[in-house]
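All values derive from a computational prediction rather than experimental measurement. Residue numbering restarts at 1 for every chain, and letters A, B, ... go by the order of the sequence lines.
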Number of protein chains: 2
Amino acid sequence: MKPTEKADMKYTNQRVEILDFLREHEGHPTVDDVYDGVRKKLTRISKATVYKNLKFLTEKGLLEEVNVKGVSRFEANFIPHHHLICRECGMMEDFNSEQLLDYSMKIAEEIDGFTIVSTSTNFYGICKKCKECKEKT
Amino acid sequence: MKPTEKADMKYTNQRVEILDFLREHEGHPTVDDVYDGVRKKLTRISKATVYKNLKFLTEKGLLEEVNVKGVSRFEANFIPHHHLICRECGMMEDFNSEQLLDYSMKIAEEIDGFTIVSTSTNFYGICKKCKECKEKT
DNA sequence: GTTAATGCAAACCTTTTGCAAAACA
DNA sequence: TGTTTTGCAAAAGGTTTGCATTAAC
């Protein structure tokens, strides 16, 4: 937990560990991933606490939430980026393109009646693994 | 139901009504929206049937599924497009930009190990309604 | 000391599943 | 007729909530 980010909230062990976990794991962890990870340090933490904190921290703007196939995933990454999403297995990977961000935001500026804060492009397709699997059959 | 689209499947009343409903309602209906809509014509349809068909039709490629705030929404719109999503109320609106699609697909072609089929950019922000609401307080 | 957060269990909501009956091709 | 689909109810996730206890400030 960096001292620079003193948001208006109580810094409980649970909250700090959840934030730290997400900052150390970039792979879009699910709630269960966070729960399992944090439980290694705080063995008595409850899943409800994880849920409550993930929601709280998302509302505070400290986390981003994405939903793939009905499951919430979280990230503490503040650099805007895009996603590669596999239509087969739901696998999700970050993908960076400064150009595309710039381009999207330029288009966003021209939209009326909607104040755009951020953009994110999802690239849907088939990942290497699933493609190889399919070719075998 | 257009006769041009004879996919390899049985055309039950339920299935046809679900497809027709989605073709007539462009506002990203939820499962419940579809259920309520279709039930006006087929009063005895079950929600399980709606679920099964939405999944089936999505796998057949006749529908697109998007997930906002943990709830699935469906569309029968085959023209690729983008979305304006309100961070406050979850409201979702279509947004078209041929330029952005072209640009994204051009970038997609350069991605290794992932076969990109389509792209979709989400513009996150605050809709007019929510903005006015917030300004009042 | 006051306020906010935790942990537990129960509740909730969305989605899936199993299976006998019915509908389609 | 053979196969797929339906409808019902039950189950299975994922997520939220209520409330007494505990921790933070």
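- In the 5' to 3' direction, nucleotides of DNA chain C lying under 4.0 Å from heavy atoms of chain B begin and end at dT14(C) to dA25(C).
- Ring orientation note: the planes of H82(B) and F123(B) are nearly perpendicular, at an angle over 60° on the 30°/60° scale.
- In this structure, R15(B) contributes its side chain and K10(B) its backbone to a donor-acceptor pair below 3.5 Å.
- Residue whose closest nucleotide on DNA chain C sits further toward the 5' end, between N13(B) and N67(B): N67(B).
- Contacts of T12(A) with the nucleic acid, taken as non-hydrogen atoms under 4.0 Å apart, involve only primed sugar atoms and P, OP1 or OP2.
- Between the P atom of dG14(D) and the CG atom of L54(A) lies a distance of 14 Å, rounded to the nearest Å.
- Side chain of D33(A) to main chain of T30(A): a donor-acceptor pair is present (N/O by atom type, distance under 3.5 Å, no hydrogens or angles).
- Side chain of T58(A) to backbone of L54(A): a donor-acceptor contact under 3.5 angstrom is found.
- Looking at E65(A), K55(A), H28(A) one by one, the single match for side chain to side chain donor-acceptor pair (under 3.5 Å) with S72(A) turns out to be E65(A).
- Ring pair F21(B)/H25(B) is parallel by interplanar angle, where below 30° counts as parallel and above 60° as perpendicular.
- Going from atom CE of M9(B) over to atom P of dT5(D) covers 9 Å, rounded to whole Å.
- With S104(A) contributing its side chain and L100(A) its backbone, the two residues share a donor-acceptor pair below 3.5 Å.
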Please list, pair by pair, any protein nitrogen or oxygen found under 3.5 Å from a nitrogen or oxygen in nucleotides 16-20 of chain D.
unit_1  : atom_1 : unit_2 : atom_2 : d
dG18(D) : O6     : K52(A) : NZ     : 3.0

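- As a whole-Å value, the separation of K10(B) NZ from dT4(D) P is 7 Å.
- Taking a cutoff of 4.0 Å between a charged side-chain nitrogen and a carboxylate oxygen, D32(B) and K47(B) qualify as a salt bridge.
- Both S72(B) and F56(A) lie near DNA chain C, and the one whose nearest nucleotide falls closer to the 5' end is F56(A).
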